[in-house]
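Notes follow once the structure below has been shown.
Because the structure is a prediction, the values reported are computed rather than measured. Counting convention: from 1, in listed order, for ligands and their atoms alike.
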Amino acid sequence: MALLRHLLLLSLLLPFSSSDDSIGYYCDKSFNGGHIQADINGVLSDLVAKASVGGFATSSYGKGGSAIYGLAQCRGDVSSEDCSTCLKDAAKALPESCPSQADARIWYDYCFLRYDDENFIGQSDSGYAIILYNVENATDPDAFDKKVGEAMRTARAQAVAPGSGGLGRVKTKFSPYITIYGLAQCTRDIQTLACAQCLSSAVENFANYCVHRKGCRVLYSSCMVRYEIYPFFFPVDPGSSSMSKVGSYFTAILSP
Ligand SMILES: *[C@@H]1O[C@H](CO)[C@@H](O)[C@H](O)[C@H]1NC(C)=O
């Protein structure tokens, strides 16, 4: 936490109307050289093909001194069809968003895609973060935050439990009319302990950005945590109206 420097706080209202827009992306390390782009293209098509099936894949391309490493993961609760669509969008958008950059990452609601010319696979990364927090506060906010804290503890415990595939989902009633939905997930390349640390670090940001907020999420490259008062994960809660209920969010970016 102490290492994170708060770079900028964009007071942007993001209309979260559609799940096919990216939430954000990160680019670093300019390169020139056609063979790097060719390796990136190879990694991307490999990742889309492999991860569309099981929801997760890693890949690498290259020879001689240089290579590109890639990782793709869908949120653990989405269908393989939604996963595939998301990854195709991501693989198209990422090289366009980060032209001639060797370290590129893109976050969507349903998936995450990343490549780098260094082998990052298996190494937990909780440096760069995208944080989205609802512009509105909850009613009875202190009690609400307490309930959110409990929900996130449960979701995190699930995410590191054997057999969970790194995904934790929780649903808990705050009042007769308000349900809190929480989700925690790590990328599948990192070990359980690293996952627990990543999630714990992600939730620590709640104290700075999410206090009283109706909904909030912290997106790292190796894990993410999120809560809302509308159902945003599958299977859709039968008692609720729809998954498309959305609000407006402020965005904050943390850079190491
Ligand atoms: C929401 O609560 C936070 C934390 O108490 C406060 O800083 C912020 O001004 C509140 N926002 C609104 C819209 O009430």
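Cysteines C83 and C74: SG-SG separation is under 2.5 Å. Disulfide check for C223/C195 fails, with the SG atoms at least 2.5 Å apart.
Nearest non-hydrogen protein atom to atom 5 (O) of ligand 1 is H212 ND1, 2.9 Å. The protein heavy atom nearest to atom 7 (O) of ligand 1 is R213 NH2, 4.6 Å. For atom 14 (O) of ligand 1, the nearest protein heavy atom (residue, atom name, distance) is N137 ND2, 3.1 Å.
Between F144 and F174, the ring centre distance stays below 6.0 Å.
With salt bridges taken as basic N to acidic carboxylate O contacts below 4.0 Å, none links R75 and D82. Here D117 pairs with K29 in a salt bridge; the nearest charged N to carboxylate O distance falls below 4.0 Å.
Protein heavy atoms are found less than 4.0 angstrom from atom 2 (O) of ligand 1. Distance remark: protein heavy atom present below 4.0 angstrom from atom 11 (N) of ligand 1.
Set against the non-hydrogen atoms of V135, the atoms of ligand 1 under 4.0 Å away are 13 (C).
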